[in-house]
Amino acid sequence: MELNFEAADIAFRDEVRDFFAGSIPEDWRTRVRAGLRLNPEELIHYQKMLAERGWGAPTWPVEYGGTGWSPVQQYIFWSEAARADAPAQFHQGLELIGPIIFTYGTPEQKDKYLPRIISADDWWCQGYSEPGAGSDLAALKTTAIKDGDHYVLNGQKMWTSYAHVASHVFVLARSSQEEKRQRGISLLLLDMESPGITVRKIPTMDEKYHTNDMFLDNVRVPVENLIGEEGRGWEYGKVLLDRERMVTASVAIFLKQTISAIRSAAARRVIGNVPLIEQPGFRGKLAQFEIEVMALQTMVLRLMADAANGAESGSRGSMVKLRWSQLTQEGTALWVEALGPEAMHFEAMEGEAAGLPSLPADMPYAMQGALYARVTSIYGGSSEIQHDIIARRAFGL
Amino acid sequence: MELNFEAADIAFRDEVRDFFAGSIPEDWRTRVRAGLRLNPEELIHYQKMLAERGWGAPTWPVEYGGTGWSPVQQYIFWSEAARADAPAQFHQGLELIGPIIFTYGTPEQKDKYLPRIISADDWWCQGYSEPGAGSDLAALKTTAIKDGDHYVLNGQKMWTSYAHVASHVFVLARSSQEEKRQRGISLLLLDMESPGITVRKIPTMDEKYHTNDMFLDNVRVPVENLIGEEGRGWEYGKVLLDRERMVTASVAIFLKQTISAIRSAAARRVIGNVPLIEQPGFRGKLAQFEIEVMALQTMVLRLMADAANGAESGSRGSMVKLRWSQLTQEGTALWVEALGPEAMHFEAMEGEAAGLPSLPADMPYAMQGALYARVTSIYGGSSEIQHDIIARRAFGL
Amino acid sequence: MDFNYNEEQQMLFDSVDRFGQQRFSQDKRRQALAGDIALNQKHWHEMAELGWLMIAIPEEAGGLGGSMADVMAITEAMGKNLVHYPFVATSILAPALLCDGSDAANVVLDKIGSGEAKVAAAFLEANSGYDLYRVGTTASSQDGAYVLSGEKCHVEDGGDADWYLVSARTGGSDDEVEGISLFLVPKDAPGLTVERFRSIDGHRHARLRFDQLRGAQRIGEADVALPVIERGVAKGIGAHLAEAIGSMEEVSRVTLEHLKTREQFGRPIGSFQVLQHRIVDMKIACEEARSIGSFANVHVGDENSSAAQRIAAAKVRVSECGIYVGKQAVQLHGGLGFSDELIVSHHFKRLYGLSVAYGSIDHHRKRYAE
Amino acid sequence: MDFNYNEEQQMLFDSVDRFGQQRFSQDKRRQALAGDIALNQKHWHEMAELGWLMIAIPEEAGGLGGSMADVMAITEAMGKNLVHYPFVATSILAPALLCDGSDAANVVLDKIGSGEAKVAAAFLEANSGYDLYRVGTTASSQDGAYVLSGEKCHVEDGGDADWYLVSARTGGSDDEVEGISLFLVPKDAPGLTVERFRSIDGHRHARLRFDQLRGAQRIGEADVALPVIERGVAKGIGAHLAEAIGSMEEVSRVTLEHLKTREQFGRPIGSFQVLQHRIVDMKIACEEARSIGSFANVHVGDENSSAAQRIAAAKVRVSECGIYVGKQAVQLHGGLGFSDELIVSHHFKRLYGLSVAYGSIDHHRKRYAE
């Protein structure tokens, strides 16, 4: 058992810390702490900033433009990013389709797409879910019929997050009807400019524009945009299972930001003459939250250390996802609580009246973060599905 | 909506309160507050005391020696008993077999058994569960083979609580093998003195003697001890479902006793110069417990009021059981916490050393109560089974 | 003893329920929420015509003198249909405060009952938490008139109010229970600045600043307004409890429906045991809320400490149950639950809003323990 | 970075595990628990022979000078097999306190290492809560010797101790951090009354009274013992964390086995989704506990506040996880879980005992927040 960072790791940490020092604008930091995604332009700006430094793809191998960092280095990188209130990188290109392309893609596909993911010249979104195929993805109905050197796609995708800003989308579609529902599904890369794609906003309860219905109406996709073999798209998703720990691990590390946000709100809010943060009841709740975050982050650290030592993560990626969504929900709710009744002031109706002190900068982001947090236990496999998966994988139940 | 007691109810309350005033010995009260059952002799004494006053069977009709009280009167009676730290009456005769006898029994059975339940001259225990038939009671294997004017019983019962003190036991046994497992089960009344009955203690984690294995080895039971018709014993249990609310309602009311116990322990224990009960953290937890108890007791009150108005209880009996077991677990644990490290002093090893102040009277009962409380979410249909039942009955799921 | 509505109360519930179903169906609700002023005004006048706005106004002041059970019948149906108007602030809380029999109060009560005016209570300040006795706003007497100075940071449902009922200090120091008086201030009074905010649940709140505001009308006796304020707020809370009960039962019903109809993996998701147990826990939460909520409302506003303790307890538990039910309703609906298009997330947001209106869970737990 | 035991630590774990499996199988455990003194003494001497009792004694004092990771390997295996002897009190906590290099201390360390003596720390008093700085017991200097007066209400694992390490006040007032000294007192010292108690988990505790007890041996410098005491207790907690981890993982394993083999309604109960999710939550609790428990142990006993905070945090979370796992293990075993015959309830009781040893969850959460 050896839980101290080595000297090289500490040097690396200092390097990263230097890089982040002062690099994140204040108005980003407030929203980041709320667990809110920055606007696409801001995320693109951030990704370019990292790419310029050579750090655009922290989890990718060097040969594809990645950093080749060890898991412990990745942990350090994310910890420092979190510490600086930097955002998490937008993951659909970097963590979802990128790894599939560099694992199963043709040389042409790799050359064409990978560099532009890192440089943020392309923005990818995911076309998997459908109205009747949410948790049960294998029930998808979108068809891809071969017609010469094209596939023709028809169907409706749902929950295609950021389709309204994306340049590309990767789509699972049924290229043949087979007995076993998972067979006959192919994975295709689409340019969002392709004729026949319509995107319609799905309004969500946090009143932010994240996600969409995407209608595919005779969309023609060149056959060279097929990933791997026709009908085996379902399998390619599996590469993501092993990488899942990277996505969840990185976001879990960012919970430290929520802690700072709560602390700062609770220090500002005075009841009687005592700041909320000094009142035993609130202190106890905050301490409990911090302790649970510490437990989760040590889980992540252990996962990364085991990965560095070549051990399987087992179902621990799912466990981190589960606990992270619980904690992000609890943390944002605690932040709302710390802000007091004014946290409900979601939007000024007639602008700021002259002479009144403006609201603290973290309203209404705290509330928006708390609302957004509800979906974290739904997307990417709901908490119920995660439990099912762990029971099956880890216990054979 | 009318939630005030009527004048007659208030007069009744005063009458009950007078009865209980000073009638419960101090050493009973401590154990009762711990949620522990008194010893059999004590419970018999208590039952005789009530019977003498004409209150031996608060939930039975007058014709069978009951009080004929309305549900609201029952609620008042139990509230006053709880207030006086009186114990709950032992329920296996009064609430489990008694109502079955007065509903399905022969006139001879009624005359023979009912008065002796009220007078506590008989003590009944229940022979239902078996090693392979716990939650799944219909899997029971004990056989009852007719042989002339007797049934001959063979098999093993488990969790026969108080079999070691009981004079009688009511047993479910298979009198024929039928397709539908619930058919062919008969309900029989046995004298514990019958040859062939062996009782063996099951040691339990609270180190109190509650429960037993009971072996039936060619036990001969006269046919007149069959309840109702042969093979229909399963159905007779149903009468209990509607009465279940009475048992759970009455025990839920007794949670007030746990509150007094916690309060008194937390007032005694001083940390620094501040009694625990004045420390915000503990105060908050106790308040939360009291509030949840209040919510449960208003559920009970509403259930009783609806029952008095002739409405069905639906699944609310199961809901009360569920919440009660949670709260009795939380309450006893909170009591242990209030007592501090010495709550772990379960048994003196070498007696009291001279000159040392003895431990408070509620140790080790608090700990024993907390351990015993674990079984409350298991017996009488585990919490998981209760959820299943409610989902099916209330929602048709 | 009877926890059920009597016949008249049931009729009242049914009529509000019909009103809600007709005017707040999913599509119409979005229009109303979008801030269509004419539409909202029309609804409000309909509510006045049906007599609901005067339910809690005493008969001697020209109202209906309804009981809290009558009020519950109305607000439960409003909760069920997510009627997002400031009914509780205007028609329950304000009348409880405007009880001094003065002409000034009676004029306002009249206008409340007829739907001509909305009123909100301005009690909370930046450093007051939810404690009603922490009043820093001052009302000093100058030339026979009161001059108000200070700020109120959150005025529940104050966004569309025509009058504000304001607690201000006429004596004592910041955290003393004595020395608090109650004032009536019209929204256009010189020296009053109002900042308005939309909340997540469609309610509209406000912040106020009093800058040497002159001519505020005192309601009731000077210095001893705190008990009146506390009992008034208790009634507002009591009405909100029923609203929460209506909302959580409705969203549970909708969720059960979803479990029975939505299919995944070739079967209704309601066949999954974990989801079955979840909906059972939601149902138990509803039962708890209804029981303790009704019970606490019996003596709400009585001048004794056990009545205050009961309402605090009910506020804690109903809020907890409501939040739980709202969250689980969203969760069991999956992505659909997160969308704004289904009513589910609207219930969640209202239950969230209700859980902090007139005091958070922690605040009321502490009050209970005191 | 590596969270796993190295080869030597794994061997240590395996050897303790073997010891436990051979001597604490279900039937033998009941005999040992029944208080068979000769048997317990035999076990203790075996443990001494294997060198475990001197693992934490510094090399310069004749011990093995093991790391906390070495200690964890031992106590985790003890937790797995529910070895109920006072190993942590005697062999981890006491050596951390007996660190002044004095002859008196070294004599005791020798006897600890050789299994000839057991030692327990007497810190808590009736009004101290779990706060180590609240010391009312006094040690006044008379004729060149210390005289101890006072009471210690709970001495963890003090039931079979031959010596007690006692905190007493040589200066300052009751709740001051300065003025506390540490004393060594043999169990048969005149003026010492010992009351012994069996706990639910087989451990044996004590209460002590000092009635003008003369001749207590001071360990370390006068008045400044508190930091030594706190760091020593932190090590005891660190060792307990691993014990809890061993226990909760084992009882989870047993429960999973039960889910796979026990049948109800014609199928293994592990096929019920609700029970599947429950065992998953137990597993997650084990993962959390192992991660934070190992992490906090790295720097345990270091003289900085973040080390103290980490151990407090780990103590909170591991205790919560342990209690959760223990309760669910009992619940999922149904009636069998409540019986004393299965090992399941024994794990639950030990996890309960561990959760309060050297400070309750609330105490450590508060410490963390300070």
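A, B, ... follow the sequence lines: proteins, then strands. Residue 1 opens every chain. Keep in mind that this is a model prediction, so the values were computed, not measured.
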(request) Report the C-alpha separation of His387(B) and Asp281(C) in whole Å, then their side-chain angles, then the decisive distance to 0.1 Å, and conclude whether the side chain to side chain contact (heavy atoms under 4.5 Å, CB included) test is met. (result) CA-CA 8 Å; His387(B) 274 93; Asp281(C) 286 333; 2.7 Å; yes

(message) Run Gln297(B) and Ile292(C) through side chain to side chain contact (heavy atoms under 4.5 Å, CB included) and show every step you take.
(response) CA-CA 8 Å; Gln297(B) 294 186 334; Ile292(C) 196 171; over 6 Å; no

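For the atom pair CG of Leu322(B) and CD1 of Ile284(C), the computed distance is 4.5 Å after rounding to the nearest 0.5 Å. Within the model, atoms CZ of Arg365(C) and CZ of Arg283(B) stand 13.0 Å from one another, a figure rounded to the nearest 0.5 Å. Of the inter-residue distances, the one linking Ile291(B) atom CD1 with Gln309(C) atom CD reads 8.5 Å to the nearest 0.5 angstrom. Considering CZ of Phe3(C) and CG of Leu301(B), their distance stands at 4.0 Å, rounded to 0.5 Å. Between His277(C) atom NE2 and Leu397(B) atom CG the span is 10.5 Å, to the nearest 0.5 Å. Rounding to the nearest 0.5 Å gives a distance of 9.0 Å between CG of Asn6(C) and CE of Met1(B).
By the 4.5 Å heavy-atom criterion applied to side chains, Arg317(C) and Met294(B) are not counted as neighbours. For the pair Tyr75(B)/Met1(C), no side-chain contact is recorded, criterion being any heavy-atom separation below 4.5 Å from C-beta on. Considering only heavy atoms from C-beta on, His299(C) comes within 4.5 Å of Asn4(B) through its side chain. The shortest distance between side-chain heavy atoms of Ser294(C) and Leu3(B) falls below 4.5 Å. Side-chain atoms of Glu288(C) and Met319(B), non-hydrogen and from C-beta on, never get closer than 4.5 Å to each other.
Using a 4.5 Å cut-off between heavy atoms, Phe295(C) touches chain B through backbone and side chain atoms alike. Heavy-atom distances place both the backbone and the side chain of Glu287(C) under 4.5 Å from chain B. Heavy atoms of Ser67(C) lying under 4.5 Å from chain B are absent altogether. Residue contact with chain B, scored on non-hydrogen atoms closer than 4.5 Å, involves the side chain of Leu256(C) exclusively. Only the side chain of Met72(C) has a heavy atom closer than 4.5 Å to any heavy atom of chain B. Of the atoms belonging to Arg392(B), not a single heavy atom falls under 4.5 Å from chain C. If you measure heavy-atom distances from Lys260(C) to chain B, the contacts under 4.5 Å come from the side chain alone.
In this model, no donor atom of one side chain and acceptor atom of the other lie less than 3.5 Å apart for Gln276(C) and Asp388(B). A side-chain N or O of Gln288(B) and one of Glu320(C) form a donor-acceptor pair less than 3.5 Å apart.
Enclosure of atom NZ in Lys235(C) is not indicated, since only 12 or fewer non-hydrogen atoms of other residues, nucleotides or ligands lie within 6.0 angstrom. Counted within 6.0 Å of CG on Asn304(C), heavy atoms from surrounding residues, nucleotides or ligands total more than 12; the atom is thus considered enclosed. Heavy-atom contacts from other residues, nucleotides or ligands closer than 6.0 Å to NZ of Lys80(C) number more than 12. Other residues, nucleotides and ligands place no more than 12 heavy atoms under 6.0 Å from the CD atom of Glu6(B). Within 6.0 Å of atom CD in Glu8(C), 12 or fewer heavy atoms from other residues, nucleotides or ligands are found, so the atom counts as exposed in its surroundings.
In terms of heavy-atom proximity, Ala369(C) sits nearest to Ala287(B) at CB-CB, 3.9 Å.
Contact count against chain B (heavy-atom pairs under 4.5 Å) is highest for Arg290(C) among Arg310(C), Arg290(C), Lys366(C). Note on Ala391(B), Gly396(B), Ala394(B): by heavy-atom pairs under 4.5 Å with chain C, the leading option is Ala391(B).
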